Amino acid sequence: MLDDASRLNPTAVRGVLFAGNSVESTTQVVAPLLRRIAEGDDPPLAIAGVRHSMGRQSLLAGGWVLDTRPMNEILLDSAAGVVRVGAGATWREIVPVLNAAGFAPKVMQSNHDFSVGGSLSVNCHGWHTNHPPIAATVRSFRLLTADGDVITCSPTENVEQFGLVLGGYGLFGVILDVDLDVWPNALYSPHFSTVRTRDYATTFTERVYAAGSAVEMAYGRLSVDPRSFLEEAILVTFTPDPGTRGAALPLTSPGMPQLQRAVFRNSAGSDVGKALRWGVEREMAPWLAGPLSRNSILNEPVAVFADHSPGTRDILHEYFVPQQRLWEFVQKARGILERGRVELLNVTVRDVRQDHRTALAYARQDVFGLVMNFRQEDTSEAEDRMCSTTRQLIDAAIDVNGTFYLPYRLHGTDDQVRRAYPAWERVVAAKRRHDPGEVFRNHLYNSYAR
Ligand SMILES: Cc1cc2nc3c(=O)[nH]c(=O)nc-3n(C[C@H](O)[C@H](O)[C@H](O)COP(=O)(O)OP(=O)(O)OC[C@H]3O[C@@H](n4cnc5c(N)ncnc54)[C@H](O)[C@@H]3O)c2cc1C
């Protein structure tokens, strides 16, 4: 039995196969299984990193699961500004290696728990400004295909697979290792401002995109305090301190994790707690926050905020909307959320620039990603309410020419997936061409591929 980060998907699998610690040993372990699957002697294979997706994208009922985590070699070429990592390596392992040499990841999520293979396969994004998702930082990767061959994919080699595999949810083969661009680490000074959500897009453009702006990371947070629900926002921007770029700096994590956790978790199930938290985030955080390196900002485990209660789950969803239509979407979302009787704990806003590389792109123009963190009871009624709310939010995103993120709960309908991802059918057709035996499968594919 395996589950994923939702804790809502216990799944009986045929068994778990562990990657070796190198490309060669992994290929030796996996290729014979791929042959047996293709011959019909074994069930298909789902590929897993840390299983932080929430809709069985890394699982397959009755199927094999490849645990890629042992494949975690890390080799930094400082002169070339590139790091070669095994796809099972997590950012938790990579950040210290880069940090020691004065480098940092160019694009990753806002926490460090995830594997690089999982990050590439969802085409992740984070708090980096002015940048497309992680696919834009990939120089090349090696892929174990359904035929058992190892091929190199880059913007000039096996170009079709390059675009299909990045953001391709493990359906085209096993990413073995990857060459990723790195970025100089630096000490960042934070700047906090409170803005009306209706003005967020304009303020963001003035602060971050303006000529001469030095902002390199930023996030927004929308109020979940019932008195200013989604109407007020905090914009936090990070600017490098002169003279610290490329320096080997101490690696810490964002400060006071126990206090952060207490304030966050006490807001669950309580309007007073949410109001208190908003006050702390708006009034106190700017006083408590000091300069922090890029790596230290990124070096935060999800455990700081995670829900461990047996009866409730923290569930994420993310909607991407064209930047100038943020407020239009938020107004629609506010009505849906108020009617939906779901508990919204947190909303962060990320800047994601247009993605020109992946077949299943969610950032088909410059977008804001709105990450919504819900607290959901472990009951079928709560699941039904969440499903209905999610479908309405997806429609609201599509109405403003936006889309939604696929690593989370698979509540979207067939039709919504196809409207939000016009390339979906082409990608499924390409999957059947590259993997005619459907050797690689998971629950995302089983849910939406006809
Ligand atoms: C608390 C939390 C915070 C998050 N924050 C962010 C965020 O800030 N930004 C963001 O973009 N996302 C975020 N996510 C989503 C996260 O990036 C994805 O779920 C990511 O896939 C997690 O990596 P993983 O190693 O757990 O992948 P898994 O969940 O194990 O796998 C995800 C997908 O990748 C495929 N896969 C994994 N490894 C390989 C491989 N080697 N080869 C081929 N396919 C592979 C799997 O088959 C699966 O389809 C967050 C998720 C959680 C739970």
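Model, not experiment: these values are computed from the prediction. In listed order, ligands and their atoms are each counted from 1. We use all heavy atoms of the structure for the numbers below, so side chains are in, but hydrogens, waters and symmetry mates are not.
Annotation: atom 36 (N) of ligand 1 to nearest protein heavy atom, Ser121 OG, 3.5 Å. Of the protein's non-hydrogen atoms, Ser53 OG, 2.5 Å is the one closest to atom 29 (O) of ligand 1. Counting protein heavy atoms only, atom 13 (C) of ligand 1 is closest to Tyr408 OH, 3.2 Å. If you check which protein heavy atom lies closest to atom 27 (O) of ligand 1, you get Gly118 CA, 3.4 Å. The nearest protein atom to atom 26 (O) of ligand 1, hydrogens excluded, is given as His52 N, 2.7 Å; this is a heavy-atom distance. Protein heavy atom in closest approach to atom 8 (O) of ligand 1: Arg350 NH1, 2.8 Å. Among all non-hydrogen protein atoms, the one lying nearest atom 52 (C) of ligand 1 is Leu316 CD1, 3.5 Å. For atom 49 (O) of ligand 1, the closest non-hydrogen atom on the protein side is Gln57 O, 2.9 Å.
Asp177 and Arg142 make their closest contact through OD2-NH2, 2.7 Å (heavy atoms, listed as atom of the first residue, atom of the second, distance). Among all heavy-atom pairs drawn from Gly173 and Ile47, the shortest one is O-CD1, 3.3 Å.
Between Asp225 and Lys274, no side-chain nitrogen of the basic residue sits less than 4.0 Å from a carboxylate oxygen of the acidic one, so the salt-bridge criterion is not met. A salt bridge is defined here as a Lys NZ or Arg NE, NH1 or NH2 lying under 4.0 Å from an Asp or Glu carboxylate O, and Arg375 with Asp314 fails to meet this definition. A salt bridge does not link Arg391 to Asp395: none of the charged side-chain nitrogens sits closer than 4.0 Å to a carboxylate oxygen. Using a cut-off of 4.0 Å between Lys/Arg side-chain N and Asp/Glu carboxylate O, Asp414 and Arg450 are scored as salt-bridged. A salt bridge links Glu232 with Arg282: the distance from a Lys NZ or Arg NE/NH1/NH2 to an Asp or Glu carboxylate oxygen falls below 4.0 Å.
Side-chain rings of Phe204 and Tyr209 approach one another, their centers coming within less than 6.0 Å.
Look at Ala46 and you'll find every heavy atom at least 4.0 Å from all atoms of ligand 1. Not close to ligand 1: Phe172, with no non-hydrogen atom less than 4.0 angstrom away. Using a 4.0 angstrom heavy-atom cutoff, Tyr405 counts as in contact with ligand 1. The closest approach between any non-hydrogen atom of Pro133 and ligand 1 is not below 4.0 Å.
Annotation: Met54 places no N or O atom under 3.5 Å from an N or O atom of ligand 1; distance criterion only. Taking only nitrogen or oxygen atoms, main chain and side chain alike, His125 reaches within less than 3.5 Å of ligand 1. Residue-to-ligand polar distances keep Asn123 apart from ligand 1: every N/O pair is separated by 3.5 Å or more. Considering backbone and side-chain atoms together, Ser110 places an N or O closer than 3.5 Å to an N or O of ligand 1. Ligand 1 has no N or O atom lying under 3.5 Å from any N or O atom of Ala87, backbone or side chain. Every N/O-N/O distance between Ala5 and ligand 1 stays at or above 3.5 Å.
Using a 30° and 60° split on the angle between ring planes, Phe238 and Tyr188 fall in the tilted class, from 30° to 60°. A perpendicular orientation is assigned to the rings of Tyr421 and Phe404, their planes being inclined by more than 60° (bins at 30° and 60°). The aromatic rings of Phe172 and His434 sit perpendicular, their planes meeting at an angle over 60°, well past the 30° parallel limit. Taking the six-membered ring where tryptophan is involved, the planes of Tyr362 and Tyr405 are perpendicular, since the angle between them exceeds 60° and thus also 30°.
Put simply, the residue from Phe368, Trp327, Phe329 that forms a ring-ring contact (aromatic ring centres under 6.0 Å, His included) with Tyr200 is Phe368. When each of Glu318, His131, Arg353 is checked for a side-chain hydrogen bond (donor to acceptor under 3.5 Å, both in side chains) with His125, only Glu318 meets the rule.
Below 4.0 Å from some heavy atom of Tyr169 lie the following atoms of ligand 1, by number and element: 47 (O), 49 (O). Near Val174, the atoms of ligand 1 lying under 4.0 angstrom from a non-hydrogen atom of the residue are 42 (N). Listed by atom number, the atoms of ligand 1 under 4.0 Å from Asn442 heavy atoms are 49 (O). Set against the non-hydrogen atoms of Ala48, the atoms of ligand 1 under 4.0 Å away are 30 (O). For ligand 1, the atoms lying closer than 4.0 Å to a non-hydrogen atom of Gly49 are 25 (O), 28 (P), 30 (O), 37 (C). Close approach of ligand 1 to Ser58 (heavy-atom distance below 4.0 Å) involves ligand atoms 30 (O), 31 (O). Atom numbering of ligand 1 starts at 1 in the shown order; those under 4.0 Å from a heavy atom of Pro407 are 19 (O). In the vicinity of Cys124, heavy-atom distances shorter than 4.0 Å reach the ligand 1 atoms 10 (C), 11 (O).
For Val302, every heavy-atom contact with ligand 1 shorter than 4.0 Å involves the side chain, none the backbone. Contacts between Val122 and ligand 1 below 4.0 angstrom, taking non-hydrogen atoms only, involve the side chain exclusively.
At a threshold of 4.5 Å between non-hydrogen side-chain atoms, the residues Val182 and Lys106 do not count as touching. Counting heavy atoms from C-beta outward, Gln354 and Arg364 have side chains that stay 4.5 Å or more apart.
The heavy atom nearest to atom 43 (C) of ligand 1, out of those in Gly173, Gly167, Gly117, is found in Gly173.
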Original post:
Given the rule in the side-chain contact (heavy atoms from CB on, under 4.5 Å) test, do Leu345 and Ser267 qualify, once you have shown the distances and angles that lead to the verdict?
Top reply: CA-CA 7 Å; Leu345 280 184; Ser267 72; 4.2 Å; yes
